[in-house]
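Fair warning: this is a prediction, and the values are worked out from it, not measured in the lab. The figures here come from the full heavy-atom set of this structure, side chains too, leaving out hydrogens, waters and symmetry mates. For this chain, numbers begin at 1 and follow the sequence in order.
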Amino acid sequence: MNKLLISSFAALAFGLAACASSSQQGSSVENPQPVDSAGGETSVPPIPLPPPSTPVAVFEMKIVSADKQIRVVEQPTLAALDFAAYFNNPIRMAGKDEKPENYTGKQSDKELKDYPFPMLDSLSSYEPPVVAGRTPISWEPFAKLMYAQMGNDSLNIVLNSVEAVKWDEPEVFRAFQNVTRMWGVPMSDGSVEWWVEVLPAFWTGRNVFYGKLKYKSTGETAEILNYYLTGEMNGDDAMNWARTLSSYWYPTLNTDLEPHTAGAPWENGKPFAVMRGNPMGTPMWIGFEVPAFRMSDEAIRAKQVADSLANSGEVIPVDRHLDTTSTFRLETLNSVKGSCPASEATAKFRKSLADQMAKLPKEQNAWAEVDANGRKVDGGFLWFRRNANYLLADKISAQDSLHNPLPRMIELKQYLDSLGIQLLVVPVPVKEEIYGEKLVPGTAADLCVNPEGRAFTQELLEAGIDVLDIYPALMAAKSGDEGSHYSYQRYDTHWALPGELAAMELLASRVTQYSWYEESGAQPGSLNLQETNTLREGDLVAHLPDSEKAKYPADTLNVMKVYKGTETYKGGKNSPILLMGDSFTGVFESVDQKSGGPGSLLAYATGLDVQVLTSWGGGPGVRSRMMKMKKDMQSKRLVIYMMTARDLWQSPMEWDALR
């Protein structure tokens with residue numbers, strides 16, 4: 001029965017493969033001015049404040065400290081929450097006020113009437129009367145919503161073109177200006193005019209200005225805008241919003257949601273979510289608070305009592321034992337040894353990749369696929385600098401103690417061994433490793449381009465750690481690529497369904513081979529699987545030059561959704577398996593269409609419940625979260641540690657000791 005279920009899962013995989021007011025209400029902090037340091041560079045405050053003109057208050061900002069603030073939204077509409085997240089967010093703005101080294105100010109003396117913005121009309125230094133009393137919105141999330149609802153990306157293209165103006169200095173990568181606020185003005189004919197506030201970067205020395213887009217939206221736009229501005233969310237919707245936002249911002253800004261009880265106290269507020277970001281090596285926190293979602297002191301005490309009772313009585317301990325056979329590990333070790341030797345071909349690949357990256361501006365973290373003649377491939381892949389750096393890594397286990405994952409993996413295994421819990425490590429190869437022939441034209445499609453990464457897998461196995469090696473399966477899966485459907489998403493760092501299913505087939509097979517599987521109470525066939533699709537904005541698009549972003553709209557992806565009866569599946573505290581890690585455990589599981597990620601698919605294939613623990617800020621950080629789940633761990637037989645392999649090399653989240 002188990003073999004039959006896994007076979008059907010494999011067949012499925014194979015088949016799919018063919019803010020703020022002008023008076024800063026609630027904040028007593030004045031707007032600090034940047035000062036020049038002795039070296040001539042600009043020193044800016046850790047938490048920049050909004051520009052001095054916002055007549056309609058969308059959120060109240062409370063400054064807690066230099067690295068913490070709370071944004072209070074009275075009416076929890078999608079428009080208000082998006083604005084509170086995007087507008088003058090210090091996590092998003094970190095480092096952007098520093099003057100670029102190659103900026104010369106070639107056109108700094110231009111007057112407003114001569115500004116090079118052909119897509120704007122009615123330029124003004126003052127907020128136009130037509131938007132008085134109207135609620136401002138953030139253009140990026142709204143333009144994405146418009147594309148999702150209408151399939152029209154014109155608004156996004158126009159607004160991107162505003163931010164892409166380079167003032168005759170195209171070699172400067174950083175944006176010279178940003179559209180900070182936008183207003184939609186419905187017209188009598190049913191169309192919508194768009195007015196924008198444009199804030200030049202501090203280092204340009206220019207002042208904020210306003211203009212009307214030479215573009216009108218028609219069709220259902222007014223209705224969509226009205227719903228965006230007025231439709232209110234409940235607490236669950238707001239948490240899903242925060243979770244999704246954190247996941248999309250993670251590759252760019254190293255964001256994650258802090259463990260926090262929604263509506264409970266945090267830094268003299270009661271936010272429903274607390275986002276942590278670390279884009280420049282210094283962490284910052286923003287709490288998002290909605291009065292309607294706050295918990296009273298009485299409710300907090302009741303919740304604490306309920307949680308205490310749940311933690312003490314809900315988890316059912318299991319009588320477990322470790323599967324100590326080393327057969328699988330040794331077989332994997334033998335298959336890895338010598339499978340990816342350093343050679344003339346890998347040396348040529350590394351040199352070509354390094355040359356590609358050397359041509360990129362220092363601040364550019366993503367670039368587009370090119371052909372053998374250096375021309376960009378229409379609809380081709382986007383590549384991530386950190387992934388590419390991993391392919392150029394030196395010996396991974398030779399890193400310093402804060403970045404070397406080997407001793408931390410051994411430490412984790414020893415801890416779980418002491419509890420009688422199996423550990424299975426699943427490093428997820430980066431897209432650039434699987435599609436080396438697309439990354440560096442002329443590379444053989446079957447060349448193993450990452451000798452050091454494969455060598456580290458061998459070291460883990462030699463250290464006695466059980467590793468599921470999914471690299472060969474993902475290399476094989478790409479043979480089923482067809483049209484624009486690949487094993488990894490074109491514009492994103494994550495896998496697409498064919499790659500995910502290829503990995504899950506192997507993972508499910510491994511789980512059923514443990515000696516304790518037969519006594520685990522598995523119920524194969526108890527869950528249902530349905531195919532659907534989702535629209536996903538690629539997380540690499542934000543890393544591109546501003547002039548290129550609009551060329552890469554959201555992708556419609558085939559995905560699976562797992563149901564238990566008529567309800568979407570979610571594993572609970574008594575699940576015998578804990579799947580923990582980074583965004584690879586959460587994508588399609590807790591964001592996008594949900595209940596279709598690795599946890600749900602593994603539960604479907606094995607008949608065992610799977611609890612998922614995701615750290616969007618990076619795989620190294622999830623271990624400390626696991627250590628706080630001591631009650632839940634009593635029910636666990638297996639911990640699967642799944643994370644992107646790029647964090648094995650120079651991870652921005654350090655590998656600290658278990659605690």
Q. Should the pair F288 and F272 be assigned to parallel (<30°), tilted (30 to 60°) or perpendicular (>60°) ring geometry?
A. tilted
Q | Parallel, tilted or perpendicular: rings of Y103 and W203 (30°, 60°) | A | perpendicular
**Q.** Residue that, paired with I70, satisfies side chain to side chain contact (heavy atoms under 4.5 Å, CB included) out of V64, I63, N268
**A.** V64
Residue [X] excluded, over 12 heavy atoms near [atom1] under 6.0 Å:
| X | atom1 | value |
| --- | --- | --- |
| K214 | NZ | yes |
| E223 | CD | no |
| D355 | CG | yes |
| F117 | CZ | yes |
| E171 | CD | yes |

Just wondering, do [Y] and [X] contact through their side chains at under 4.5 Å, heavy atoms?
| X | Y | answer |
| --- | --- | --- |
| N207 | S125 | no |
| I286 | P90 | yes |
| F176 | P200 | no |
| N389 | M357 | yes |
| W649 | L392 | no |
| W139 | V158 | no |
| R386 | V430 | no |
| V165 | M119 | yes |

Please say whether the positively charged group of [X], taken as NZ for Lys or CZ for Arg, lies over the ring of [Y], i.e. under 6.0 angstrom from the six-membered ring centre and within 45 degrees of the axis.
| X | Y | answer |
| --- | --- | --- |
| K431 | Y488 | no |
| R134 | W195 | no |
| R536 | Y248 | yes |

From [atom1] ([X]) to [atom2] ([Y]), nearest 0.5 Å:
| X | Y | atom1 | atom2 | result |
| --- | --- | --- | --- | --- |
| N178 | D546 | CG | CG | 7.5 Å |
| W616 | S247 | CH2 | OG | 4.5 Å |
| L557 | D555 | CG | CG | 5.5 Å |
| L257 | T255 | CG | OG1 | 8.0 Å |
| H403 | E654 | NE2 | CD | 5.0 Å |
| Y215 | S191 | OH | OG | 10.5 Å |

[X] side chain to [Y] main-chain N or O, any donor-acceptor pair under 3.5 Å?
| X | Y | result |
| --- | --- | --- |
| H543 | L382 | no |
| N254 | P652 | no |
| R243 | V591 | no |
| Q364 | A366 | yes |
| D492 | D539 | yes |
| S651 | M653 | yes |
| Q69 | M61 | no |
| S246 | A242 | no |
| K270 | F293 | no |
| R490 | G379 | yes |

Q.
I'd like to know whether L225 forms a side chain to side chain contact (heavy atoms under 4.5 Å, CB included) with F142, so could you lay out the CA-CA distance, the side-chain angles of the two residues, the decisive distance to 0.1 Å, and finally the verdict.
A. CA-CA 8 Å; L225 176 61; F142 182 75; 4.0 Å; yes
Closest approach of [X] and [Y], non-hydrogen atoms and distance?
| X | Y | result |
| --- | --- | --- |
| A94 | M280 | CB-CG, 3.5 Å |
| K110 | P116 | CD-CD, 4.5 Å |
| W367 | Q356 | NE1-OE1, 2.8 Å |
| I224 | Q149 | CD1-CB, 3.6 Å |
| P291 | V73 | CD-O, 3.2 Å |
| F384 | N365 | CD1-O, 3.3 Å |

Q.
Between E163 and K549 (salt bridge meaning N to carboxylate O under 4.0 Å), is one present in this structure?
A.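 Salt bridge: no.
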Q: State whether D256 and R625 are salt-bridged, where the test is any N-O pair (Lys NZ or Arg NE/NH1/NH2 against Asp/Glu carboxylate O) under 4.0 Å.
A: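 Yes.
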Answer yes if the side chains of [X] and [Y] hold a donor-acceptor pair under 3.5 Å, and no otherwise.
| X | Y | value |
| --- | --- | --- |
| N387 | E432 | yes |
| S65 | D67 | yes |
| D82 | Y228 | yes |
| E127 | W183 | no |
| Q177 | W167 | yes |

Q | Identified ring pair (Phe, Tyr, Trp, His ring centres under 6.0 Å) partner of H494 from the options Y486, Y250, F584 | A |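 It is F584; the other options fail the test.
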Q. Going by the side chain to side chain donor-acceptor pair (under 3.5 Å) test, which pairs reach into residues 111-120, not counting sequence neighbours?
A.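 Every candidate side chain to side chain donor-acceptor pair (under 3.5 Å) pair involving residues 111-120 fails, so no pair, neighbours aside, qualifies.
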(Q) Apply side chain to side chain contact (heavy atoms under 4.5 Å, CB included) to residues K551 and L544 and explain how you reach the verdict. (A) CA-CA 10 Å; K551 300 176 184 178; L544 293 171; over 6 Å; no
Q) Hey, mind stepping through W266 and E289 against side chain to side chain contact (heavy atoms under 4.5 Å, CB included) and telling me if it holds? A) CA-CA 10 Å; W266 181 81; E289 183 170 350; over 6 Å; no
Q) Going through the checks in order, is the side chain to side chain contact (heavy atoms under 4.5 Å, CB included) test met by V130 and E193? A) CA-CA 10 Å; V130 68; E193 283 187 348; 5.7 Å; no
(Q) Just to verify, what does T221 make a side chain to side chain contact (heavy atoms under 4.5 Å, CB included) with, not counting sequence neighbours? (A) M146, M150, V192, W194, S217
